[in-house]
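Here is the structure we will look at.
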Amino acid sequence: MANRLADSLSPYLLQHADNPVDWWEWGDEAFEEARRRDVPLLLSVGYAACHWCHVMAHESFEDEEVAAAVNPRYVAVKVDREERPDVDAVYMAATTALTGHGGWPMTCLLTPDGDPFFAGTYLPRAQLLSLLDSASEVWRTQRERVLESGAHVAARLREVTGPPAPAAVDAAACDTAARRLRAAYDDARGGFGGAPKFPPSMVLEFLLRHHARTGSSDALAMVRGTCEAMGRGGMYDQLGGGFARYSVDADWVVPHFEKMLYDNALLLRVYAHLWRTTGDALARRVAEETADFLLRDLRTPEGGFASALDADTVVDGHSHEGLTYAWTPAQLDEVLGPEDGSRAAALLEVTDEGTFEHGSSTLQLRRDPDDPQWWGAVRERLLTAREERPQPSRDDKVVTAWNGLAVAALADAGAILQRVDLVEAAATTAAFVLRTQDVEGTLRRTSRGGVVGSSPAVLDDHGDLAEGLLALHQATGDAHWAEAAVTLLDRSLERFVDGNGVVHDTANDAPALFSRPAGRSDNAEPSGAAALAGALLTASALTGSTRHRTAATDVLAACGAVAAQDPRFAGWSLAVAEAALAGPLQVAVVGEGPVADELVRVVRASSSPGLVLVHGMPDTPGIPLLADRPLVDGGPAAYVCRGFVCDRPVTTPEALLAALRS
């Protein structure tokens, strides 16, 4: 018999709808039930693409004995961390504080007031049963001690997780961050640190912008080395395009196979920007293939983008991580024949011993094939054969923030690579998200199948979506997208900033948790504050609004302490700082036709981090930078302005290039 999760929109919660554990969704009703029954809550947090979440579900939550230990003595609450990042953030802080590490699935025990008195991650079945028995006995016999402990943990976490004091992210801070990243850089393998290795997407964007502003060869070398290592390794899907979540080893060989929308959106943008800077063929190929992966495998029928492809493939009721993607030499021979199979095995590092499990290998492309035409045909044949294998599940909920990142990446990459289809896809997604997930002036976090969820949007939803809309405005010249972005930003400043000027991840009227999250560190995606700062800065450059630039400076300063402490967790705020230092560089191209198109191409080839571009006819309504910008002698012209002070208009690509470089 299905439990309460059967009506959820979350694919992760729906995976647990038939568990014997009597799950509740997060909300007041669950806490009221705990108070009515006078029992603690068992909180389990995970997400649909998480391998170890599946393991714990099969071992424990599908088990009748575990259900018999939970149901009479606890109110069990299941949370999709992607749907409720605020809940995940506050209890992950507790888990990390109490255990020294975090991860998913996250398992916590809470008082009926929501205070945590136990926190952990994956628990094997026997350990979970032992915990349930001992905690229930302690709750029954030592209630006051448990309540005091939970209240103390909550109070202490409120003290230590409060936002740090503001600190300017200035040129000196950016220079210091670049030097510290150089010291942590893995010269042999690319990236930073050892295993496991995560794609440092936002750090790479910072380093690209730092190179553009300062000319730092070290910064560019770190980006090129890391992007080549990732793009040639097994973490990148050499057949279908797109990146897995991370590499379990330091050489980018064996991934954790889940493929997340946010990783691929951020990396698409990085590789497109790297190609713009260097002309590297590998960077362009990876950018195009990653964009194609997004459109082919993550696009939803409604026009949004699904959250992820699962790490596991289910066969006969059993989950197998990586089964869809790994190959043996014999499997290559079966698809390609002995001659091409052997040649492909040598090219793709597929060995008899294997680099993955059971003698299989992930596919790597450590060198360019000597016959690109042959490789293109082989790649298609292997991808076709792979599509006939059992496929990983898709988490098809549409997350506002991640779709905002995808809109920004597709609009930006489409403009840079001159792929109109990518810009059109970005526009379709932006229209869908605004139409579906902006409900009566209040943004929601998710939708699924065109049905909007009830979870409120958090700060990064607003910042990332505004970032995407502003990129789309620059790619299309459509004023509607900029107007929608500014509306979102104004709402953010009104709803997420408290009376003391502190920016929070949850809105002022959001349901209270035991602490109000105000994250400043990037994790797999930009922090809400960094995302908001970046969008505010771009909006100010496009509109000339000093109010938005002042707000951007204030919000950016809120991230300064993290940038100084460890730049690996402040990549996006440092990238925003580079844009602030280099800009605003505003370029307005007026006119139509081939000459105007060539002027626009010249601007898009510039890697200046502070540059914004608008194009259209003079005095187009809703685009301030086109106001009072006439044609020159009846023909197209470009107006280049620095810090809101404009040069004389130029009419040729050569003159525009010189003006941008001066």
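The basis for the numbers below is simple: all heavy atoms, side chains too, and nothing from hydrogens, waters or symmetry mates.
Within the 4.5 Å cutoff, the side chain of L220 has heavy atoms near those of the L274 side chain. Proximity of L405 to L266: side-chain heavy atoms (C-beta onward) are separated by under 4.5 Å at one or more points. Between V589 and V614, every side-chain heavy-atom pair lies at or beyond the 4.5 Å cut-off. Contact of the C174 side chain with the E578 side chain is registered, since non-hydrogen atoms from C-beta on lie closer than 4.5 Å. Inter-residue side-chain proximity for P649 and Y639 is flagged as met; some heavy-atom pair is nearer than 4.5 Å. At least one side-chain heavy atom of T290 sits less than 4.5 Å from a side-chain heavy atom of Y236. Taking 4.5 Å as the limit, every side-chain heavy atom of V398 sits out of range of all side-chain heavy atoms of F305. Contact of the L626 side chain with the M617 side chain is not registered, since no non-hydrogen atoms from C-beta on lie closer than 4.5 Å.
A salt bridge is absent between E228 and R366: the closest approach of a Lys/Arg side-chain nitrogen to an acidic carboxylate oxygen does not fall below 4.0 angstrom. Classification of R285 and E289 as a salt-bridged pair holds, one side-chain N sitting under 4.0 Å from a carboxylate O. Taking a cutoff of 4.0 Å between a charged side-chain nitrogen and a carboxylate oxygen, R232 and D368 qualify as a salt bridge. Under the 4.0 Å criterion applied to side-chain N and carboxylate O atoms, D186 and K197 are assigned as salt-bridge partners. Classification of D310 and R394 as a salt-bridged pair fails, no side-chain N sitting under 4.0 Å from a carboxylate O. A salt bridge does not link R180 to D175: none of the charged side-chain nitrogens sits closer than 4.0 Å to a carboxylate oxygen. Ionic pairing of D187 and R182 is present here: one or more N-O contacts between side-chain nitrogen and carboxylate oxygen are shorter than 4.0 angstrom. Ion pair D340/R381 flagged as a salt bridge, since at least one NZ, NE, NH1 or NH2 atom sits closer than 4.0 Å to an Asp/Glu carboxylate oxygen.
Proximity of a side-chain donor or acceptor of R213 to a complementary backbone N or O of A582 within less than 3.5 Å is not detected. A distance-only check finds a donor-acceptor pair linking the side chain of N264 to the backbone of M260 [under 3.5 Å]. Side-chain atoms of T446 never come within 3.5 Å of backbone atoms of V399 as a donor-acceptor pair (strictly under, hydrogens ignored). Remark: side-chain polar atoms of T429 are paired, donor with acceptor, to backbone N or O of G303 under 3.5 angstrom. Checked by atom type and distance alone, the side chain of R209 pairs as donor or acceptor with a backbone atom of A575 at under 3.5 Å. A distance-only check finds a donor-acceptor pair linking the side chain of Q391 to the backbone of R386 [under 3.5 Å]. A donor-acceptor contact shorter than 3.5 Å links the side chain of D566 to the backbone of R568. At least one donor-acceptor pair under 3.5 Å links the side chain of T538 to the backbone N or O of G534. Between the side chain of R245 and the backbone N or O of P199 there is no donor-acceptor pair closer than 3.5 Å. In this structure, the side chain of D478 engages the main chain of H480 through a donor-acceptor pair within 3.5 Å.
The shortest heavy-atom contact between L574 and A563 is CD2-CB, 4.0 Å.
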For L532 and L489, run side chain to side chain contact (heavy atoms under 4.5 Å, CB included): C-alpha distance rounded to whole Å, both residues' side-chain angles, the deciding distance at 0.1 Å, then the answer.
-> CA-CA 8 Å; L532 178 62; L489 293 172; 3.6 Å; yes
Test K397 against E82 for salt bridge (charged side-chain N to carboxylate O under 4.0 Å, His left out), laying out the working first.
-> CA-CA 9 Å; K397 70 175 178 294; E82 297 170 349; 2.6 Å; yes
Derivation of the salt bridge (charged side-chain N to carboxylate O under 4.0 Å, His left out) call for R642 and D647 = CA-CA 8 Å; R642 288 179 174 79; D647 298 336; 3.5 Å; yes
Yes or no on side chain to side chain contact (heavy atoms under 4.5 Å, CB included) for L410 and L472, after CA distance, side-chain angles and deciding distance?
-> CA-CA 9 Å; L410 290 167; L472 186 57; over 6 Å; no
Evaluation steps, side-chain hydrogen bond (donor to acceptor under 3.5 Å, both in side chains), between T313 and T324 | CA-CA 7 Å; T313 301; T324 302; 2.7 Å; yes
Pair L365-L347, side chain to side chain contact (heavy atoms under 4.5 Å, CB included): steps then yes or no | CA-CA 6 Å; L365 195 63; L347 177 67; 3.6 Å; yes
Kindly indicate, with the supporting measurements, whether the criterion side chain to side chain contact (heavy atoms under 4.5 Å, CB included) is fulfilled by T362 and Y325.
-> CA-CA 7 Å; T362 59; Y325 302 102; over 6 Å; no
Chi angles and distances behind the salt bridge (charged side-chain N to carboxylate O under 4.0 Å, His left out) call for E288, R284 = CA-CA 6 Å; E288 298 228 41; R284 177 163 190 143; 2.8 Å; yes
Check the pair E258 / Y47 against side-chain hydrogen bond (donor to acceptor under 3.5 Å, both in side chains), numbers first and verdict last.
-> CA-CA 11 Å; E258 62 203 49; Y47 59 104; 2.7 Å; yes
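In the model, D249 has a side-chain atom that pairs as donor or acceptor with a side-chain atom of S247 under 3.5 Å. Between the side chains of S527 and S521, no donor-acceptor pair of N or O atoms lies under 3.5 Å. In this structure, a donor-acceptor pair under 3.5 Å is present between the side chains of H273 and D412. Checking E525 against W402 by side-chain atom types alone, a donor-acceptor pair falls below 3.5 Å.
Remark: E598 CD is packed, more than 12 non-hydrogen atoms of other residues, nucleotides or ligands lying under 6.0 Å away. Within 6.0 Å of CD in E387 there are more than 12 heavy atoms belonging to other residues, nucleotides or ligands.
L298 contributes atom CG, which lies 8.5 Å from atom OG of S307 (distance to the nearest 0.5 angstrom). Atom CG of residue D460 and atom CG of residue D522 lie 10.5 Å apart, to the nearest 0.5 angstrom. Once rounded to the nearest 0.5 Å, the distance linking CD of Q238 with CG of L348 reads 7.5 Å. For the atom pair S201 OG and M230 CE, the distance stands at 6.5 Å (nearest 0.5 Å). The OG1 atom of T300 sits 7.5 Å away from atom CG of N403, with the distance rounded to the nearest 0.5 Å. From S607, atom OG reaches atom CG of L208 across 8.5 Å, with rounding to the nearest 0.5 Å.
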Can you give me every donor-acceptor pair (side chain of residues 652-662, partner residue at least two apart or in another chain, under 3.5 Å) with its distance?
residue : atom : partner : partner atom : Å
T652    : OG1  : A655    : N            : 3.1
S662    : OG   : A659    : O            : 2.8

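Between H51 and H256, the two ring planes are perpendicular [angle over 60°; tilted spans 30° to 60°].
When each of Y262, F198, Y271, F293 is tested with F243 by the rule ring-ring contact (aromatic ring centres under 6.0 Å, His included), just one qualifies, namely Y271.
With sequence neighbours excluded, no residue forms a side chain to side chain donor-acceptor pair (under 3.5 Å) with D297.
The cationic group of R389 lies under 6.0 Å from the six-membered ring centre of W327 and within 45° of the ring axis, placing it in a cation-pi geometry.
Centroid-to-centroid, the aromatic rings of F257 and F356 come within less than 6.0 Å.
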